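We name chains A, B, ... by the order of the sequence lines, and we start the count at 1 in each one. The structure displayed is predicted, hence computed values, not measured ones.
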Amino acid sequence: MKKFFIYSLFVLYPCVFVFHTALAANSCPAATPAQLNELIANAKPRKLIFFSSWCSDCLVHLNAPETRDDSIVFIASFDKPGRAEKTLDKLGLQVKHCLYDNGITKLYGIKKVPTEVDLPSFQNVTR
Amino acid sequence: MNFFVRFFVSFISFVHAIQALGCASCGSGGDDPLILYPNESFKYYLGVSRAGGFKTLDPSGKSGIDGGPQFKDTYHLSVGKSINESAFVTFLLPYLSNRKNGEYKTSTGDPIFSLRWTALMPNIAEPLVPQVQLLFSYKYALARSLYDSQYPRNLLDVFGNGFSETRIGLDVFWGMREWKYGFAHTLQMPTARYFPGAHVELGLGMRSTVLVGFGQTQWGKVLMGLNREQRDQTRTNGELVSQSESFNYSLFTTADWIVAPLDAMIRATVSRRGLEGFHNQNTGQSVSVTLAWMQALQ
């Protein structure tokens, strides 16, 4: 019994933790406007959601059922690199498309979070 | 002579903290009314306030002679610039107007340069972890003080306490949920000054704030807080001035309304200094009302 306890403490629990983390691990690589346009062209998403880890209102947008929709691109903005992934992981959310803003907000005039942009209108703006 | 020194110390403390700025981040520990969120890179603040109902409180807390103005109007201009997502600097320049019986004098007040660094960012996934900000500010004694007054009869030309001051502080705020609360502490270190015949050192000061409030990002927030200000004894020519330490308790209420289309906010603050029922000493009582407009331009 004692051995099982020690075994579970040092081996089993870390394995479960690593497995859980791996399952929930999000990735939000830094993306330029050009890279965003490339993603839009390839994945044909229907909406962009700009969010921050410190923005309390963003939680509503992140927790909305539609965020499970693969056709949404999340863009971590006005934040430190790496915080968006950690936040999504802690919230237990797994999003398909997540980018870290590298000039997107500046180019498209996004000044606050949360901001939702329907893609057709966004594409109009870029033109 | 002793009475004069005590009155002098009371008045210095009174003038020093006559303006009770409600709350900042909020946050509370700063004299800077302007706070930049991580998405804002340049912001300005315009405020107007009127303080009145002045009474001077002596070392025993009793009302003393108040020879100063009836009203003090203050116009605040503050601008803030972000350094990165975690830090920003602000510059505050007050312009004051003292009024009494139809007479008035105006002057620029003491400018304040501030730096705020967010050591711990709030996170929507961890609402119980507070935002922790470290503050640094420097107030330059530009305005005329009691020492330089040319109107000892009504002190209408006294707009500052005459001492430059360095301040460091800590501001802790739980703001991720609708009910918000926080506390702040600021240490105030004045610079000694030479005046004709006297080397005056104000004592170290400490301001502590606790606050609670309710807010939603769509419309704004309402906060109520209590400030406690303390200043150690003054030294004149190296000698401690007896009973010169000061205490002041103030209550403030602040309401913020968000003007979303303009990325702006309207703030109203009502503050009562020298709160009844608390131990106030060598300080003053007053009521002030402040209206402010702040807007992020970038």
Side-chain angles (χ1 to χ4, degrees), chain A residues 17 20-21 23-28 30 48-64 67 74-95 98-117, chain B residues 25-27 35-43 82-88 116-133 173-182 213-221 256 258-265 294-298:
Chain A
F17 178 76
H20 174 77
T21 308
L23 271 184
N26 286 277
S27 174
C28 305
L48 304 177
I49 296 180
F50 293 82
F51 76 104
S52 297
S53 63
W54 50 265
C55 154
S56 56
D57 267 9
C58 295
L59 193 57
V60 178
H61 294 254
L62 293 172
N63 278 335
T67 57
F74 291 88
I75 301 174
S77 316
F78 314 113
D79 219 337
K80 285 186 172 176
R83 280 178 58 90
E85 291 94 323
K86 284 181 188 168
T87 303
L88 292 171
D89 291 350
K90 282 177 185 165
L91 290 171
L93 294 172
Q94 180 68 55
V95 300
C98 182
L99 302 174
Y100 178 74
D101 171 35
N102 183 16
I104 299 169
T105 50
K106 206 169 189 177
L107 188 64
Y108 299 128
I110 307 295
K111 287 184 177 176
K112 55 191 175 186
V113 283
T115 298
E116 283 194 15
V117 180
Chain B
S25 71
C26 204
I35 294 298
L36 274 73
Y37 292 98
N39 60 314
E40 295 167 339
S41 63
F42 183 78
K43 197 172 184 179
S82 68
I83 299 168
N84 55 37
E85 294 90 355
S86 304
F88 62 88
R116 270 188 187 242
W117 175 60
T118 307
L120 186 60
M121 275 275 191
N123 193 302
I124 46 177
E126 297 170 317
L128 294 178
V129 177
Q131 168 186 275
V132 179
Q133 289 185 325
F173 189 58
W174 286 263
M176 280 286 104
R177 292 184 168 162
E178 288 183 338
W179 283 99
K180 303 167 192 301
Y181 45 96
F214 182 85
Q216 290 174 326
T217 320
Q218 304 92 308
W219 58 267
K221 59 181 180 283
D256 290 343
I258 290 170
V259 187
L262 297 174
D263 289 330
M265 191 156 74
M294 60 196 92
Q295 186 175 24
L297 294 179
Q298 289 174 13

### Query
Looking only at heavy atoms, what is the nearest atom pair of B/Glu85 and A/Tyr100, with distance?
OE2-OH, 4.3 Å
#### Entry: Separation between NZ of B/Lys180 and OG of A/Ser56, rounded to the nearest 0.5 Å
5.5 Å
#### Entry: Donor-acceptor contact below 3.5 Å, side chain A/Lys112 vs main chain B/Ala260
yes
### Message
Can you tell me which portion of B/Glu126 sits under 4.5 Å from chain A's heavy atoms? Options are side chain, backbone, both or neither.
### Response
side chain
### Message
If I take atom OG1 from residue A/Thr115 and atom CG from residue B/Asn39, how far apart are they, to the nearest 0.5 angstrom?
### Response
8.5 Å
### Query
Which bit of B/Ser86 is near chain A, if near means a heavy-atom gap under 4.5 Å: side chain, backbone, both or neither?
side chain
#### Entry: Member of A/Asp57, A/Leu91, A/Asn63 meeting the side chain to side chain contact (heavy atoms under 4.5 Å, CB included) criterion with B/Ile124
A/Leu91
### Region of A/Ser77 in contact with chain B, defined by heavy-atom distances below 4.5 Å
neither
### Message
Walk me through whether B/Met121 and A/Lys80 qualify under side-chain contact (heavy atoms from CB on, under 4.5 Å).
### Response
CA-CA 10 Å; B/Met121 275 275 191; A/Lys80 285 186 172 176; 5.7 Å; no
### Message
Let me confirm one number: the CG-CH2 distance from B/Asn123 to A/Trp54, rounded to the nearest 0.5 Å.
### Response
12.0 Å
